[in-house]
Structure formats: structure tokens, C-alpha cells
Amino acid sequence: MEILFPILILSGLGIVAGLGLGIASKVFAVEVDPKVPLIRDALPGANCGGCGYAGCDAYAKAVASGEVSIDACPVGGTQTIEALSGIMGVEAETKEKEVAFVMCHGTCDKAKEQYVYEGIHDCLEAANIPGGGSKSCRYGCLGLGTCERACPFGAIDIIDGIAVINEEKCTSCGKCVVACPKALIELVPVKKKVRVMCHSEDKGKDVKQSCEVGCIGCRMCTKVCEPGAITVTNNLAHIDYSKCTQCGNCVEKCPTNAIEFI
């Protein structure tokens, strides 16, 4: 009998605690949209933030609530869009794959240096000093690897003083675009291979003095481009990819090789 009472007391306390937890779970329950975990599982899980949200979990919630479109994940591609389309019950939209592109090919042997930089190995730090860095061209790639370190997919290497994109690894998350203090990196359609490898808006004479392969704004490319895909603004050639047929005439005509077929 002495052992019976403690057992009954403990059993009673257990029952009361269980009832309390059961009631609390009902009262304080947070409803979760059943589509959220399905969307989360369909995402690649890179957590790169390229969609504009803190990670895949946040993006999944935003998609489920209709806050953002199903094609905002830059890593997932067509397969992810199709999966989210099925979950959300909306029509899948095809989106042309993009990759990051560095608008400079002023390597060490082609672009002049105005001094030897011995500061912090960071493009942002170097760009903030007078002259915007050691390169004579104030628009040129500094090659200190800030974009390389920002890339979560190892798609960027610094080769011969400039950043080079590995398009096979690039997911177009855009982190390198944000990281580059020179605004030298943009996202372009991966299928469009004719590209202007320069971002300088200096006049032709100044470009020639600082880099062998810079755009001098001569407009020879515009004269041979039959579709009218090239315009020159602020001494720099720009390609309208929606018009470019990739005929290559501009590549052949460019006197400084500032336009290349990648």
C-alpha cells in the first residue's frame, strides 16, 4: 500500500501534464501552408539568396503565398519551375538561362597599371582609393577576387589579372554582380555568345593609352551590324541581344578586339 499512493500521484500528474500539453498544442498551434514543404523539397537547396530572399525556406513561403513568381530561383532552372508549377497549379513559364559575364578582358599584358597596389586584397578597398585602383583604366577589372569569394558555386577564377566566369558552374545567382565595385559583371543570355568585353566610357584616345583591347567608340561595329543590334553610347558599344543574330561581323570589324565571340 505504501508504494501505491506515489504511483497514483505520479500517474495523476502525468495525465494532467499530458492534457495541458494537448490543450497548448491546439491553442498555440501555427498553421503551415501544406504547399510550403513541397516547394521547399522541390528547390535545389543552394540557399544562395539569388532569388532575393534569405534562403530556400523563405523563398518557399513566398512562393506559397503568391508573393513571388515560381521562376525566381536562379539555380533551379526549368526543372524547378516545372515542379513548382505543378505544386502551385499555375502554368510553367520558360525562362532563358543566363550566366554572369565580366565586361573586361584587360589582362596583365594588355591593360596598363598606374602604380603597384599593396593594400588589402579586396576590390572594394582598392576601388575606394584615388584613381579607383591600380589600373590605368578606371573601369577595368581589378582582379583582386572579391567576386570570386562572393560566388558560392566556385564559378569564378582570377586569371591573368581579371575575373573569368566558368559558365558551366554559374547559376546566375547574381552575387558577383552585387559584389563587383566596378559594376563590371552583368547577367546575359547564355546562348548569346557575341559580347562586348569592355565597360570603359572614356574617349577612344584615353582608352588606347590605358588598354590594348578596350572599346574606343569608333562605331565600326554599328556600320556592319545589319540587324541594328549594336549602339554606341558614351563611347561604349552595347549589344541588344534580342536583335543580335551572332553573325560575327562586328567581331571581325572591331579594330581593338573589344567585341568577341565567347
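Because the structure is a prediction, the values reported are computed rather than measured. For this chain, numbers begin at 1 and follow the sequence in order.
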Residues clustering with Ile15 (ILVMFWY side chains joined when closer than 4.5 Å, directly or via others): Leu19
Contacts of type salt bridge (charged side-chain N to carboxylate O under 4.0 Å, His left out), residue Arg149, not counting sequence neighbours: Asp122
Flag, side chain of Gln114 to backbone of Lys135, donor-acceptor distance under 3.5 Å: yes
Where at least one partner belongs to residues 183-195, residue pairs that pass side-chain hydrogen bond (donor to acceptor under 3.5 Å, both in side chains), sequence neighbours excluded: Glu167-Lys193, Glu167-Arg195
Student check: side-chain heavy atoms of Thr80 and Pro44 closer than 4.5 Å: yes
Connected-component partners of Val16 among ILVMFWY, side-chain separation under 4.5 Å: none
Any donor-acceptor N/O pair, Lys61 side chain to Val36 backbone, under 3.5 Å: no
Ile120, CD1: over 12 other non-hydrogen atoms inside 6.0 angstrom: no
ILVMFWY cluster, Phe101 and Leu236 together (side-chain gap under 4.5 Å): yes
Partners passing side chain to side chain donor-acceptor pair (under 3.5 Å) against Lys169 (at least two apart in sequence or in another chain): none
Non-neighbouring partners of Ser134 that pass side chain to side chain donor-acceptor pair (under 3.5 Å), sequence neighbours left out: Glu113
Expected output: side-chain Asp157 to main-chain Ile159 donor-acceptor under 3.5 Å: no
Tabulate below the donor-acceptor pairs under 3.5 Å that side-chain atoms of residues 247-261 make, not counting sequence neighbours, or state none.
{"unit_1": "Thr256", "atom_1": "OG1", "unit_2": "Gly214", "atom_2": "O", "d": "2.8"}
{"unit_1": "Glu260", "atom_1": "OE2", "unit_2": "His105", "atom_2": "ND1", "d": "3.3"}

Hydrophobic cluster of Ile39, others only, ordered by chain and residue number, side-chain cut-off 4.5 Å: Leu38, Leu43, Tyr53, Tyr59, Val63, Val68, Ile70, Ile81, Leu84, Ile87, Met88, Val90
Heavy-atom pair of closest approach, residues Ile185 and Val177: O-CG1, 3.5 Å
For Met220, the rest of its hydrophobic cluster, which grows through side-chain links under 4.5 angstrom: none
Heavy-atom pair of closest approach, residues Cys147 and Ala163: SG-CB, 3.6 Å
Side chain to side chain donor-acceptor pair (under 3.5 Å) against Asn128, all qualifying residues, sequence neighbours excluded: none
Within one Ile-Leu-Val-Met-Phe-Trp-Tyr cluster: Val178 and Val99, side-chain cutoff 4.5 Å: no
Side-chain touch Ile239/Val194, heavy atoms, less than 4.5 angstrom: yes
Transitive ILVMFWY side-chain link Tyr139 to Val196, under 4.5 Å: no
Flag if over 12 foreign heavy atoms under 6.0 Å of NZ, Lys223: no
Minimum heavy-atom distance Ala155-Cys151, with the two atoms named: N-SG, 3.2 Å
Partner residues of Asp240 under the side chain to side chain donor-acceptor pair (under 3.5 Å) criterion, sequence neighbours left out: Ser242
Residue pairs, two or more places apart or on separate chains, that pass side-chain hydrogen bond (donor to acceptor under 3.5 Å, both in side chains) and touch residues 227-237: none
Minimal non-hydrogen separation, Cys123 against Leu142, with atom names: O-CD1, 3.6 Å
Backbone of Arg138 reached by a side-chain donor or acceptor of Lys182 within 3.5 Å: yes
